[in-house]
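Structure first, commentary second.
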Amino acid sequence: MSEKTLSLIKPDAVERNLIGKIIQIFEDNNLIIDQMKKIHVDIEFAKKFYAIHSSKPFFKDLCDYISSGPLVAIVLKGDNAVQKNRDLMGSTNPKDAKPGTIRNLYAISIDKNSVHGSDSVENAIIEIDLFFKN
Ligand code: CMP
């Protein structure tokens, strides 16, 4: 079934000129770029986006990092897009990411892990709204 999901190409990947290489992986796997923009979010936006992690010990570092430089927000569209994007990203910690996944290829650490992807259709709707409404 066709779905939409939010992908973020995070500041560490933008900084290393990896936008094109990552988008190529999406397109090679039949995910369509439905909407896309490069933005530098502020700390308040970061706290809102990652609110689900607000009780975690890494919350402050996470918000500082995601607001530290420009990122690329992308709405991906396609069959099973949420799970497909997560499979293409690989595990959160690049040490555990399978060969050939985006995080295996490009991530530096669990913090600088190059990409974010919505974890469910419900959260995708919320996250897309946050980045692309208005
Ligand atoms: P992301 O998919 O953007 O969602 C939350 C982020 O928190 C995650 O990627 C990681 O980059 C970051 N993070 C930092 N430390 C941890 C941790 N111990 N467990 C899970 N996520 C972490």
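Ligands are counted one by one from 1 in listed order, and the atoms in each one are counted from 1 as well. Position 1 is the first residue of the sequence, and the numbers go up from there.
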Do me a favour and list the nearest non-hydrogen protein atom to atom 14 (C) of ligand 1 with residue, atom name and distance?
Asp111 OD1, 3.3 Å

Given 3.5 Å as the limit, does a donor-acceptor pair link the side chain of Asn29 with the main chain of Leu31, or not?
no

Looking only at protein heavy atoms, what sits closest to atom 5 (C) of ligand 1 is His53 NE2, 3.5 Å

Side chain to side chain donor-acceptor pair (under 3.5 Å), that's the test. Do Asn113 and Lys10 meet it? Break it down for me.
CA-CA 8 Å; Asn113 64 352; Lys10 295 186 180 184; 2.7 Å; yes

Quick one: does any side-chain atom of Lys47 pair with a main-chain N or O of Asp42 as donor and acceptor, under 3.5 Å?
no

Cluster link Ile9 to Phe131, ILVMFWY, side chain under 4.5 Å:
no

For atom 8 (C) of ligand 1, grab the closest protein heavy atom and report residue, atom and distance to one decimal in Å.
Thr92 CG2, 3.8 Å

Return the closest protein heavy atom for atom 6 (C) of ligand 1 as residue, atom name and distance.
Leu62 CD1, 3.5 Å

Could you check atom 17 (C) of ligand 1 against the protein and tell me its nearest heavy-atom contact, residue, atom and distance included?
Phe58 CE2, 3.4 Å

Atoms of ligand 1, numbered as shown, that sit under 4.0 Å from any heavy atom of Lys10:
1 (P), 3 (O), 9 (O), 11 (O)

For atom 4 (O) of ligand 1, what is the nearest protein heavy atom, given as residue, atom name and distance?
Tyr50 CE2, 3.7 Å

Which atoms of ligand 1 sit under 4.0 Å from any heavy atom of Arg103?
2 (O)

Tell me whether Lys4 is salt-bridged to Asp34, with the criterion being a basic N under 4.0 Å from an acidic carboxylate O.
yes

Would the distance check show the side chain of Ser67 and the main-chain N or O of Ala46 forming a donor-acceptor pair, the cut-off being under 3.5 Å?
no

Shortest protein heavy-atom distance from atom 10 (C) of ligand 1, along with the residue and atom involved
Ile110 O, 3.1 Å

Taking the non-hydrogen atoms of Tyr65, is any one of them nearer than 4.0 angstrom to ligand 1?
no

What class does the angle between the rings of His53 and Tyr50 fall in, given that below 30° is parallel, 30 to 60° is tilted and above 60° is perpendicular?
tilted

